[in-house]
Amino acid sequence: MHTASQVWFESFAAAQDGTAIDARLVLDWGPRDRFGIVVREPFGALGAGLLISLATAAFYDQAGCNRRSRELYPEIYLFHVGQCWGDHSPFDFWPERKELSVEDDPVAVLSAINGHGITHLAVPDGTPGPLPAMYREPEAARDQIKQCFAYAASGAVPGADVKLSTRDARVLANYASTLQPELWLPEVESGVAEGRKLGLSDLAFRELERVVAYTHERWHEVPRDGSAYIAAKARIDAATRDGSICETYRRISTDAALALLG
C-alpha cells in the first residue's frame, strides 16, 4: 500500500479534448468504484500507468472515506488475457488476487470484469469484434461500468482525447520497479532478514516473505531480451532521464470497450 503515501491528484497534469483540466475531473469516481485494466502483451499496462495511478489517487482521496490513514490497498484489478504478461504489483495490484489470468476468450474476460465489480475499465486499443455472446452479461456491464478508456502499450493511443502527465518521481518509480524488481527487492529481502530484530509483527513479517516469494516466482515471466520488454524499458528509461512521462487515452462507450475484448 505504498501508493497511499506516493500518489496524489497533485501528481498529475491533465487535459481533455485539448483543454487543461483538474486531474480530479478525469474519473467519475465514487466510494465503491473499482478500476480494471485488460492486458494482452508483455507489461502492456505500463501504457496506462498514469491512468492506473490516477484511479489509485481517486480511491484514496474519495471524500469521507479517510483511506490514506487506513491499511488499505486500492481497488484496482489487472486482467492478464491468454497468459501472464509480467508482474505489475509495484503499482499496488496487491494482494495477488488483484492480478488475474483469464482465458483468451471475450466471454471469459467479460465474466471476470463483471465478477470483480469493475466500474472504470481500460482496454488495449485494436480492431473491434462482436460483443461477447453471453446471456445478460453485456447488459450487466452497461449497468455497472461508468467509464471506459482505450489505451496503447506505447502510451500513445490513436484518436486520443484524454492526456495525463507527471513529473512526480514517486509515480515514475513504480514503472521502473515493475520492469526492474532488482531495484527494490534487495531492500525487502533485507527487511525479511531484519524483521525479527526490528520488532515486526508475525503478520507483517509473513507479508514481507510473501512479497519476496511472489516476486521471484514471476521474475522471468517476460524475457528481458524480448522486443516488448526492451521497448517498454526504453520508454521508461527516457522518461526517467527527462523527469516526466505523458500518456494519452481515448474515451469510449461500454459497448466499444466490450468489442475490444476479443
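The pair Glu247-Arg235 meets the salt-bridge criterion, since a charged nitrogen lies less than 4.0 angstrom from a carboxylate oxygen. Taking a cutoff of 4.0 Å between a charged side-chain nitrogen and a carboxylate oxygen, Glu209 and Arg206 do not qualify as a salt bridge. A salt bridge does not link Arg24 with Asp61: none of the charged nitrogens is closer than 4.0 Å to a carboxylate oxygen. A salt bridge links Glu75 with Lys98: the closest approach of a Lys/Arg side-chain nitrogen to an acidic carboxylate oxygen falls below 4.0 angstrom. Remark: Arg170 does not engage Glu10 in a salt bridge, criterion side-chain N to carboxylate O under 4.0 Å. For Arg251 and Asp161, the salt-bridge test passes: some basic side-chain N is under 4.0 Å from an acidic carboxylate O.
Annotation: side chain of Arg224 is not in contact with side chain of Lys233 (no heavy-atom distance under 4.5 Å). For the pair Ile245/Tyr175, a side-chain contact is recorded, criterion being any heavy-atom separation below 4.5 Å from C-beta on. Using a 4.5 Å cut-off on side-chain heavy atoms (C-beta onward), Tyr229 and Phe43 make contact. Here the side chains of Ile113 and Ile145 are in contact, with some heavy-atom distance below 4.5 Å.
Grouping the Ile, Leu, Val, Met, Phe, Trp and Tyr side chains by contacts below 4.5 angstrom, directly or via other members, places Leu131 apart from Met134.
A donor-acceptor distance shorter than 3.5 angstrom exists from the side chain of Asp92 to the backbone of His2, with no hydrogens or angles considered. In this structure, the side chain of Ser190 does not engage the main chain of Pro186 through any donor-acceptor pair within 3.5 Å. Within the 3.5 Å criterion, the main-chain N or O of Val157 finds no donor-acceptor partner in the side chain of Arg250. Put simply, the side chain of Thr166 gets close to the backbone of Ser11: a donor and an acceptor are under 3.5 Å apart. No donor-acceptor pair under 3.5 Å is formed between the side chain of Glu189 and the backbone N or O of Leu208. Using modelled atom types, no side-chain atom of Asp28 and backbone atom of Lys146 make a donor-acceptor pair closer than 3.5 Å. Judged by distance alone, with hydrogens and angles left aside, the side-chain atoms of Trp184 form no donor-acceptor pair with the main-chain N or O of Glu182 at under 3.5 Å. Between the side chain of Arg218 and the backbone N or O of Gly86, at least one donor-acceptor pair lies under 3.5 Å.
Judged by the 6.0 Å distance and 45° axis criteria, Arg68 is positioned over the aromatic ring of Trp8.
Across all their heavy atoms, Val7 and Ser53 have their closest contact at CG1-O, 3.1 Å.
Using bins of under 30°, 30° to 60° and over 60° for the plane-to-plane angle, the ring pair Trp94/Tyr73 lands in the perpendicular bin. Taking the six-membered ring where tryptophan is involved, the planes of Phe93 and Phe91 are tilted, since the angle between them lies from 30° to 60°.
Under the side chain to side chain contact (heavy atoms under 4.5 Å, CB included) test applied with His120, the options Leu27, Ile37, Leu54 reduce to a single match, Leu27.
The number of heavy-atom neighbours closer than 6.0 Å to CD of Glu187, taken from other residues, nucleotides and ligands shown, is 12 or below. By the neighbour-count criterion of 12 heavy atoms within 6.0 Å, atom NZ of Lys163 is sparsely surrounded, having that number or fewer from other residues, nucleotides or ligands.
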